[in-house]
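These notes are about the structure you will find just below.
First the proteins, then the strands, lettered A, B, ... as listed; each starts at 1.
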Number of protein chains: 2
Amino acid sequence: MAAEAPDAADPTSTTGSSSTADTGRSSRSAAAASAPSRSSSTGPGSGRSPSTTFPAESVRKAGGREPGRRRKANQHAAGVKAVAAAAGVSLGTVSNVLNRPEVVSPVTRAKVEAAMASLGFVRNESARQLRAGSSRILAYLMLDAGNPFFTDVAKGVEDAARAAGLSVFLCNSNEDADREADYLDLLEQQRVQGVLITPIDQNSSRLRKLSARGTPVVVVDRAIDDNEHCSVAVNDILGGELAIAHLLELGHDRIAYVGGPNTIGQVIDRRDGARRALRKAGKPPENLIELTTGALTVAEGRGAGQRLAGLPASRRPTAAFCANDLLALGLLQQCVSLGLRVPEDLAIVGYDDIEFAAAAAVPLTSVRQPRQLLGRTAAELLLDESSNPDHEHQRVTFTPELVVRTSTRGTS
Amino acid sequence: MAAEAPDAADPTSTTGSSSTADTGRSSRSAAAASAPSRSSSTGPGSGRSPSTTFPAESVRKAGGREPGRRRKANQHAAGVKAVAAAAGVSLGTVSNVLNRPEVVSPVTRAKVEAAMASLGFVRNESARQLRAGSSRILAYLMLDAGNPFFTDVAKGVEDAARAAGLSVFLCNSNEDADREADYLDLLEQQRVQGVLITPIDQNSSRLRKLSARGTPVVVVDRAIDDNEHCSVAVNDILGGELAIAHLLELGHDRIAYVGGPNTIGQVIDRRDGARRALRKAGKPPENLIELTTGALTVAEGRGAGQRLAGLPASRRPTAAFCANDLLALGLLQQCVSLGLRVPEDLAIVGYDDIEFAAAAAVPLTSVRQPRQLLGRTAAELLLDESSNPDHEHQRVTFTPELVVRTSTRGTS
DNA sequence: CAGAGTTGCTGAAAGGTTTCAAGAAGATTG
DNA sequence: CAATCTTCTTGAAACCTTTCAGCAACTCTG
C-alpha cells in the first residue's frame with residue numbers, strides 16, 4: 001500500500017478550510033470509496049510514527065442540517081436551586097431526594113425527579129465534594145498502561161471498587177517520574193478516596209507525605225516496608241529464583257539478565273532473585289550477564305536482542321531471563337529474525353505471563369503472577385483503610401509460579 | 001510448582017488477626033525464603049482465576065517502629081485561610097500567589113510560599129473548580145483497556161493533553177454498556193473539560209445530550225455523522241476491504257469473518273468492507289462465513305478457533321479475517337494447538353497491527369491504523385473545541401494500511 | 001509639589017451543594 | 001379531644017476557593 005501524503009496534517013490547523021464535498025482528487029480508488037473528501041497532502045511530517053506513513057487523511061465538517069445554531073445550551077446548567085423552584089420545594093428537599101431518597105415522600109420525590117429530568121439537572125460533583133468532604137473516586141496510577149499486566153491488575157481494582165460503589169480513574173505514569181509526580185499532585189488536590197500506585201522507584205517519601213496528609217495509599221506490585229501504607233506484592237525475588245533455577249536445571253550456565261532501568265523495584269528484585277539462585281547452585285556471579293535496558297518495553301527488548309545476537313557465539317549466553325514479558329517478546333522477535341533458534345541457541349524466560357506470552361512466536365516460559373487478584377486485593381485494602389477506623393496497614397505477598405513453555409523446554 | 005492453599009484468602013478478612021512473626025509453617029523452602037510469615041491457607045476458593053492457584057499468600061502487618069501513633073494528621077488539611085494567617089497576608093494574596101504569581105511582590109510571595117510549605121498546603125481542587133468553573137482534566141473512556149490498541153491511542157491523547165497543560169484520566173468501559181453509562185454520568189458530574197470516547201454502540205443519544213449540556217465530546221475510532229461533536233476515525237470499511245481483497249488475491253474463496261458483538265461499530269464496518277470486497281470481486285455473499293463472538297478478546301478468539309477447527313476440512317473456510325488482533329491471536333493460538341497449519345490450512349488476517357501481532361507464533365498479517373495519531377488528533381480537536389469560540393465540528397478520517405506477514409503469505 | 005500612574009494588597013461576595021436543628025402537618029394514643 | 005409521636009419539609013450555615021472593585025502607598029511627570 002503506497003503512501004501519498006507522508007504524514008497527516010494537523011487537523012486543527014485546517015479548521016474551516018476543509019471543503020465539505022469531494023473537490024479534491026481521490027488518492028486511490030479504494031480510499032475514495034467511503035470518504036469522499038479531499039486528501040490533505042502535506043509536506044514531510046514532523047516525525048510522527050517514523051516507520052510508517054498514513055496517507056490520505058480526510059477532514060470534513062461534521063454533518064447535520066442546521067449549521068447556524070451552535071455554541072449555546074451550555075452556560076448555566078440547572079442547579080439544585082432551579083430544580084427546587086421548578087418542583088415547588090426547598091433546596092433541602094432536593095438534596096434529600098439526591099442523597100436520602102427514603103426520607104422524602106413518594107409524591108414529593110416524583111415531583112422533584114420530574115423537575116430534574118425536565119431541566120436536565122446534573123449534580124455538580126465539585127460542590128458536592130466540597131461540602132460533603134468525600135470523593136467517590138479511587139485512582140490507580142499505573143507504571144505502564146501499555147503493559148497488559150497492569151491493565152489486568154486494573155481490572156481487578158475496578159471489580160473491587162465497583163462492588164463497593166466506587167469508580168476508578170486510571171492514570172499512566174509511563175515509567176516517567178515527572179508524570180508520576182504530576183499525577184500524585186493532581187490526585188491529592190482532587191481529594192480522591194485513595195490512591196493505588198505501582199511506583200517508579202523505591203523512594204516513597206512522596207507517598208509517605210500523601211498518606212500522612214490523609215489520602216490512603218496502597219502500593220501495588222511492590223512490597224514497601226514502612227507503616228505508612230499497605231502494599232500488595234508478589235515475591236519477585238522468589239520469581240527470579242524460580243526462573244534461574246529452571247534454566248540451571250536445563251543445563252544453562254551463562255545466563256543473561258535483561259532488565260532496566262535499575263530504579264524500578266521489580267527489576268532489582270528479580271535480578272537479586274536470579275543472583276541468589278546462582279549462588280545457591282554454587283555458580284560464580286559473573287555467570288549472570290546483565291543487559292540493562294532503558295525501559296520495560298518490547299522495543300527495548302528488541303534492542304537487547306540486537307546486542308545479544310551481535311555477540312560471538314562463544315561469548316553469548318545460552319539463556320536469557322527478562323524482567324518482564326514485553327522485553328522477552330521483543331528479545332525473542334529480534335533474535336529469531338536474526339537467525340537465532342529459540343530455545344536451541346537461546347532459551348528465554350519472561351515474567352508476568354501476560355496473555356500474549358503463550359501466543360508468541362515461540363510460546364514463552366514465564367513467571368506468572370496473580371494479576372487481577374493483585375488489583376482486587378489492593379483495592380480491598382484501600383477500602384478497608386478508608387472505612388474501617390481501626391485499619392492496620394498490611395503487607396500482602398503472593399507467590400509467583402513458573403509456567404514452562406517452548407521457549408525453554410523446546411519439546412513441542 | 002505445586003500449590004498448597006488453593007486460593008488466596010481475602011486479606012481484609014484477616015485484618016488484625018495476622019501475626020507479625022513467622023508462626024505458621026512455611027509452605028515450601030523457596031516460598032518461605034523472603035517472606036517469613038504465616039501462609040494463610042483457606043478452603044477451596046471462590047472461583048478466582050480458575051485455571052491456576054496461587055499458593056502461599058502471606059499477610060503481615062506493615063513494618064515500622066511506633067505502632068501507637070496512627071490515624072491522625074489527616075483531619076483538617078490546612079487551607080488557604082491558614083496559609084494567609086501564617087504568612088500574615090490576606091486570602092486574596094494567597095490566591096494570587098497560586099494563580100497569578102506575577103502580580104505579587106517577590107518578598108510577599110516568598111513568605112506565602114514558605115507558609116504553604118510548612119503547613120503542607122494542598123489546594124482543594126473541588127473548591128477551585130466550583131468557583132473558577134473550569135476543570136483541568138480531560139477523560140478518555142476506552143472500549144477495552146486490555147487491548148494495546150487503545151492504550152496506544154491513550155498515549156497519543158496524553159501527549160497532546162500534556163502539551164496543553166491538561167491531565168488525562170483513563171476510564172475503561174470494558175465493552176460493558178452499563179459501565180460506559182456510569183462513567184459518562186460520573187464525568188459529566190465532575191465537569192471535566194471534555195470527554196474522548198470510543199463508544200460501545202452507535203447510538204449516541206447519550207453523547208449528544210452530554211455535548212448539548214456543555215461537555216465537549218470527541219468520538220475516537222468511530223465516524224459519527226451528526227453535528228454535535230467531532231470524531232476521529234480510520235476508514236474501517238476500507239480496512240475490511242483491504243483485508244479481504246488481499247485474501248482473494250491469494251486465491252482464498254471461502255473466508256470467515258470473526259467478530260462481535262454486532263453492536264460495535266468497528267465490527268460492523270469491517271464486516272461491511274469485507275462484504276464489499278467480495279461483491280467487487282463478483283463472489284457471492286455466502287462466501288463470507290460469519291463467526292460472531294461475544295467480545296473482541298483473545299479468549300473469544302480461542303473460542304472461535306475451536307469452532308473453526310471443529311469443522312470438517314471440506315466445509316472449513318481457508319482463511320479468516322478477524323475484527324481485531326486480539327481475536328486473531330486467540331484464533332491463531334487455538335488453531336495451531338489443534339494442529340492446523342497457518343497459513344497453509346488457514347490464513348489469518350488481524351486488525352490494528354498491535355505490537356504483539358508481529359511477535360505472534362506466526363507473525364500476523366494485519367490492518368494497521370495510526371494509533372497514537374488518532375489519540376493526539378482527537379485530543380487536539382477537543383482542545384480546540386473548548387478554547388476556540390468558533391470551533392466547527394469535524395470528522396477526521398485516516399486511511400488504514402495492510403501489513404502483510406507470514407500468517408497469510410507464508411513466505412518466511 | 002500636585003496630579004496622575006503604578007504596584008501590591010485587601011475584604012467581601014459568590015459558586016452549588018450538603019447538613020442539621022427546628023418547624024409543620026398528620027397520625028396515634030389515653 | 002388534648003397530648004404525644006411520626007413523618008416530611010424548610011432555611012440558613014458551612015465547605016474552600018477565586019474574583020474583583022477598591023484602597024494605600026509609591027513613583028513619575030511637568
Side-chain angles (χ1 to χ4, degrees), chain A residues 74-113 115-116 119-137 185-186 188-192 213-214, chain B residues 74-113 115-116 119-136 185-186 188-192 213-215:
Chain A
N74 189 337
Q75 313 307 44
H76 306 290
V80 99
K81 197 180 297 188
V83 171
V89 300
S90 75
L91 267 59
T93 299
V94 177
S95 180
N96 280 337
V97 170
L98 249 23
N99 302 300
R100 288 184 263 355
E102 69 282 1
V103 313
V104 24
S105 74
V107 38
T108 313
R109 194 194 321 170
K111 267 193 306 186
V112 173
E113 278 164 352
M116 294 202 290
L119 293 173
F121 169 77
V122 176
R123 187 212 234 112
N124 184 325
E125 176 66 19
S126 298
R128 203 219 102 246
Q129 186 173 326
L130 172 60
R131 176 63 237 230
S134 79
S135 162
R136 303 300 296 161
I137 290 167
D185 287 347
L186 182 68
E188 187 171 17
Q189 292 177 181
Q190 291 279 341
R191 302 288 195 273
V192 292
R213 289 201 200 106
Chain B
N74 188 338
Q75 313 308 44
H76 306 289
V80 99
K81 196 181 298 188
V83 171
V89 299
S90 75
L91 266 59
T93 299
V94 177
S95 179
N96 280 337
V97 170
L98 248 23
N99 302 300
R100 290 183 259 0
E102 69 281 3
V103 313
V104 22
S105 75
V107 38
T108 313
R109 194 193 321 171
K111 266 193 306 185
V112 172
E113 278 164 352
M116 294 202 290
L119 292 173
F121 169 77
V122 176
R123 186 212 234 113
N124 184 325
E125 177 65 20
S126 298
R128 202 219 102 248
Q129 186 172 323
L130 173 60
R131 176 64 237 229
S134 78
S135 162
R136 304 300 296 162
D185 287 347
L186 182 68
E188 187 172 16
Q189 293 176 181
Q190 292 278 341
R191 303 287 195 272
V192 294
R213 290 201 201 105
T215 303

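Protein atom CD of A:E102 is 15 Å distant from nucleotide atom C1' of D:dT9, rounded to whole Å. Rounded to whole Å, atom P of D:dC15 lies 21 Å from atom CD of A:Q189. In this structure, the CG atom of B:L119 is 14 Å from the P atom of D:dC16, given to the nearest Å. When rounded to the nearest whole Å, the span between CZ of B:F121 and P of D:dC16 equals 11 Å. C:dA12 atom P lies 12 Å from atom NZ of B:K81, rounded to whole Å. Between the CZ atom of B:R191 and the P atom of C:dG15 there is a distance of 14 Å, rounded to whole Å.
For A:L130, the listed nucleotide lying nearest its side chain is D:dC16; candidates were D:dT10, C:dC9, D:dC16. The nucleotide whose nearest atom lies closest to any side-chain atom of B:T93 is, among D:dT10, C:dG15, C:dC9, C:dC9.
The residue from B:V104, B:V97, B:V107, B:L98 that alone fulfils the side-chain contact (heavy atoms from CB on, under 4.5 Å) condition with B:V112 is B:V97.
Among residue pairs with one or both ends in residues 126-136 of chain A, those qualifying as salt bridge (charged side-chain N to carboxylate O under 4.0 Å, His left out) are A:E125-A:R128; sequence neighbours excluded.
The heavy-atom pair separating B:F121 from B:V80 by the smallest distance is CE1-N, 3.5 Å. The minimum heavy-atom distance linking A:R191 with B:V122 is given by the pair NH2-O, 2.9 Å.
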Considering only distance and modelled atom types, tabulate donor-acceptor pairs under 3.5 Å from the side chains of residues 82-91 of chain B, sequence neighbours left out.
residue, atom, partner, partner atom, Å
B:S90, OG, B:G92, N, 3.4
B:S90, OG, B:T93, N, 3.4
B:S90, OG, B:T93, OG1, 3.3

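With sequence neighbours left out, the side-chain hydrogen bond (donor to acceptor under 3.5 Å, both in side chains) criterion links A:Q129 to B:S126. Residues meeting the side-chain hydrogen bond (donor to acceptor under 3.5 Å, both in side chains) test with A:N99, sequence neighbours left out: A:S95, A:R123.
The bend of the helix from C:dC1-D:dG30 to C:dG30-D:dC1, defined by the angle between the axes of its first five and last five pairs, stands at 40° to the nearest 10°.
Taken from CG in A:D185 to CD in A:Q190, the straight-line distance is 12.0 Å, to the nearest 0.5 Å.
The phosphate of C:dC9 (OP1 or OP2) has a side-chain N or O of B:S105 nearer than 4.0 angstrom.
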Where do N or O atoms of nucleotides 18-28 of chain D meet protein N or O atoms at under 3.5 Å, pair by pair?
residue, atom, partner, partner atom, Å
D:dT18, OP1, B:N99, OD1, 3.4
D:dT18, OP1, B:N99, ND2, 3.3
D:dT18, OP1, B:R123, NE, 3.1
D:dT18, OP1, B:R123, NH2, 3.4
D:dT18, OP2, B:S95, OG, 3.3
D:dT18, OP2, B:N99, ND2, 3.3
D:dT18, O2, B:R131, NH1, 3.2

Chi angles and distances behind the side chain to side chain contact (heavy atoms under 4.5 Å, CB included) call for A:I137, B:L186: CA-CA 9 Å; A:I137 290 167; B:L186 182 68; 4.2 Å; yes

